[in-house]
Amino acid sequence: MRAGSALSVAVLALALAAPVAAQSPYAPQATPAAGISTCPGGVCQAGALEGFFEALAATEAGQRERPVHILQIGDSHTAGDRITGALRARLQGRFGNGGRGVLPPGIPYDGYGPLQVQVEARDWTMTQEPLVAAGGYSRVGVGLAGVQAIRFGVDPSLVLTPEPGSQPQVLGLCGRAGPGGGAIRYRTPDGEGEAGFVAPGPGPVCREIDLPTAAGRIDLSPVGTGVPLYDLWLATGGPGVIVSNLGVVGATLRDLAVRDEAVTATELAYWRPQLIVLAFGTNEGFDDALDRSAYEALLRGQVARMQRLAPAASLLLAGAPDALRSGAGGGCSADGLRRPPPSLAVVRDVQRRVAADMGVAFWDWHGRMGGDCSADGLALMSAPYMRADRVHFTSVGADWIGGVFAADLTAAFDDWKSGTGRAD
């Protein structure tokens, strides 16, 4: 027998002698139940959402023509649009799709991938304002999307491709106008035009364009030197729900505090949100030098500011979620090496007390995800709901917790509508 034949026989004999792996039937991972909260149904002071609930009720009854706009402002949990995307999908599934809402006017960071719309920039570079240090000052000309500047190249364009069902018939552009203001050209498959930003004096202005038909694609390009844009707005032109996410990776409440007052006021007046969600706290929680009194004063100031600039909007504070710091001996994690940073509980306590004292709603994110050290348990699931850093959610985890938030809001709405809702 040749050597090659002998080797083949030996390999075949080993294969036949090897144990056969037992078949394991597919079993889907069980979705974790929402954690226990000290807030009824996860939402404290649900009565503070009455204006928002009235708008939802009018939409459900077919008595409202404008969309119900939810604006969430926050850090990376908001910037990623996975949690807000789950909220958007569930509310639009019940109340109708009012459009995609507010977007930064460009690509704010590598890996940016908003849901419901694809954004492609060509020779169009957007930079975000740097994060604010403790002694921050007001950033002139910087709105809620945190845009520092837009640079146009040789042949610049910004291409927006909404997904089916979300095609806008209304395009909004907010930017800086003035005597020498420029223009932005827009093109859709059914037409084109220009939005001009010439005004008697310099300042923020929002322009709204009614498109000829629901657009499956919008190409934007500057005319001449272009316009310093603050944000974009996409709406279907009818009723339904819009959920806008304006988040900046690494942001704290200080970054909201330094946004230009004139720009912020102009944006909020144009967007007309029915609900503003402030979703900060994680990054403050990792600051071991956090001053409780200073943080409370800052939070009270920003709640009052939102109430002043958007008086028709309900306001909700999303309490800081659970998150763990690595390298802490004797921690609560399975390996004993992770624990929540001490300031995180301080932030959460201040948020809850300020919400109750100022009469705004509070969502117990920490409790609904499972409480202390739940980030570790969610990270150790067979299909993890938290990333290895025990701070950020995976896509499946974000969809889950965003769904919990949506369920808590709609349950509170249904309680209010039936007359059983609480105003505590």
Side-chain angles (χ1 to χ4, degrees), residues 41 43 45-73 84-103 115-117 144 162-174 206-215 231-246 265-277 306-307 309-316 360-361 363 402-403 405-421 423:
V43 181
Q45 293 89 240
L49 301 176
E50 185 168 14
F52 169 56
F53 290 160
E54 287 174 345
L56 287 180
T59 299
E60 202 167 46
Q63 299 170 349
R64 185 180 171 89
E65 296 181 356
R66 285 186 58 83
V68 178
H69 183 201
I70 300 171
L71 172 65
Q72 181 164 314
I73 309 169
T84 45
L87 175 67
R88 183 184 302 116
R90 285 157 176 80
L91 293 184
Q92 289 183 346
R94 174 168 172 176
F95 299 99
N97 188 340
R100 181 53 182 78
V102 187
L103 292 165
L115 298 177
Q116 281 195 344
V117 62
L144 290 174
E163 69 178 23
S166 298
Q167 297 97 328
Q169 199 157 349
V170 175
L171 168 66
L173 302 170
C174 294
C206 294
R207 304 296 191 202
E208 181 166 291
I209 301 105
D210 291 322
L211 302 174
T213 60
D231 58 76
L232 311 173
W233 168 264
L234 302 178
T236 62
V241 167
I242 287 174
V243 177
S244 300
N245 62 301
L246 291 181
T266 301
E267 290 174 322
L268 290 173
Y270 175 62
W271 301 335
R272 289 196 274 182
Q274 278 66 55
L275 174 63
I276 297 176
V277 179
M306 292 296 107
Q307 291 174 324
L309 295 180
S314 300
L315 193 63
L316 181 146
V360 301
W363 182 56
F405 186 26
D408 288 348
L409 281 180
T410 52
F413 165 67
D414 289 334
D415 285 347
W416 170 84
K417 192 169 60 170
S418 67
T420 62

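All values below were derived from every heavy atom in this structure, side-chain atoms included, with hydrogens, water molecules and symmetry-related copies excluded.
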Shortest non-hydrogen pair, Ala48 vs Ala361, comes out as CB-N, 3.8 Å
Next on the checklist: Check whether Arg64 reaches the backbone of Pro67 with its side chain - one donor and one acceptor, N or O, closer than 3.5 Å.
Outcome noted: yes
Note to self: So Phe413 and Glu60, do their side chains get closer than 4.5 Å, heavy atoms only?
What the structure shows: yes
**Prompt:** Under the side chain to side chain contact (heavy atoms under 4.5 Å, CB included) criterion, do Val277 and Ile70 qualify, and how do the steps go?
**Reply:** CA-CA 7 Å; Val277 179; Ile70 300 171; 4.2 Å; yes
Interatomic distance, CG@Leu232 vs OG@Ser244, rounded to 0.5 Å, equals 11.0 Å
Task: From CA spacing to verdict: side chain to side chain contact (heavy atoms under 4.5 Å, CB included), Cys206, Thr266 - done: CA-CA 7 Å; Cys206 294; Thr266 301; 3.9 Å; yes
Of all heavy-atom pairs linking Leu309 and Ala265, the shortest is CD2-CB, 3.9 Å
message = Between Thr213 and Leu211, is the side chain to side chain contact (heavy atoms under 4.5 Å, CB included) condition met? List the steps.
response = CA-CA 6 Å; Thr213 60; Leu211 302 174; over 6 Å; no
* Asked: Side chains of Arg272 and His69: does their closest heavy-atom pair fall under 4.5 Å?
  -> no
Nearest heavy-atom approach of Pro162 to Gln167 is CB-CA, 4.1 Å
| message | Could you check whether any side-chain N or O of Gln274 sits under 3.5 Å from a backbone N or O of Ala55, counting only pairs where one atom can act as donor and the other as acceptor? | response | no
I want to check something: taking the side chain as every heavy atom from C-beta on, are Val117 and Leu103 in contact at a cut-off of under 4.5 Å? yes
* Under the side chain to side chain contact (heavy atoms under 4.5 Å, CB included) criterion, do Val360 and Gln307 qualify, and how do the steps go? -> CA-CA 10 Å; Val360 301; Gln307 291 174 324; 3.5 Å; yes
Closest non-hydrogen contact found for Arg66 with Trp271 is NH2-O, 4.2 Å
Does a side-chain heavy-atom distance below 4.5 Å link Leu409 with Leu49?
yes
Heavy-atom side-chain contact between Phe405 and Leu316 under 4.5 Å: yes
Q. Side chains of Leu115 and Thr84: closer than 4.5 Å at any heavy-atom pair?
A. no
Here the gap from Phe95 atom CZ to Thr410 atom OG1, rounded to the nearest 0.5 Å, amounts to 7.0 Å
*Just by distance, do the side chain of Glu267 and the backbone of Leu144 share a donor-acceptor pair under 3.5 Å?*
yes
Exercise. Without swapping roles, check the side chain of Arg207 against the backbone of Leu173 for a donor-acceptor pair under 3.5 Å.
Key: no
Tightest non-hydrogen contact, residues Gly51 and Ser314, listed as N-OG, 3.7 Å
Heavy atoms of Arg100 and Asn245 approach each other most closely as NH2-OD1, 2.9 Å
For the pair Gln92 (side chain) and Gly99 (backbone), establish whether a donor and an acceptor sit closer than 3.5 Å, ignoring hydrogens and angles.
yes
Rounding to 0.5 Å, atoms CG (Leu171) and CG (Asp210) come to a distance of 10.0 Å
Sorted by chain and residue number, the side-chain hydrogen bond (donor to acceptor under 3.5 Å, both in side chains) partners of Glu208 (sequence neighbours excluded) come out as Tyr270
* **Within 6.0 angstrom of Arg94 CZ, more than 12 heavy atoms from elsewhere** => yes
Considering only heavy atoms from C-beta outward, does the side chain of Leu71 approach that of Leu268 to under 4.5 Å?
-> yes
- [ ] May I ask you to test the Trp233-Ile242 pair for a side-chain heavy-atom distance under 4.5 Å?
- [x] yes
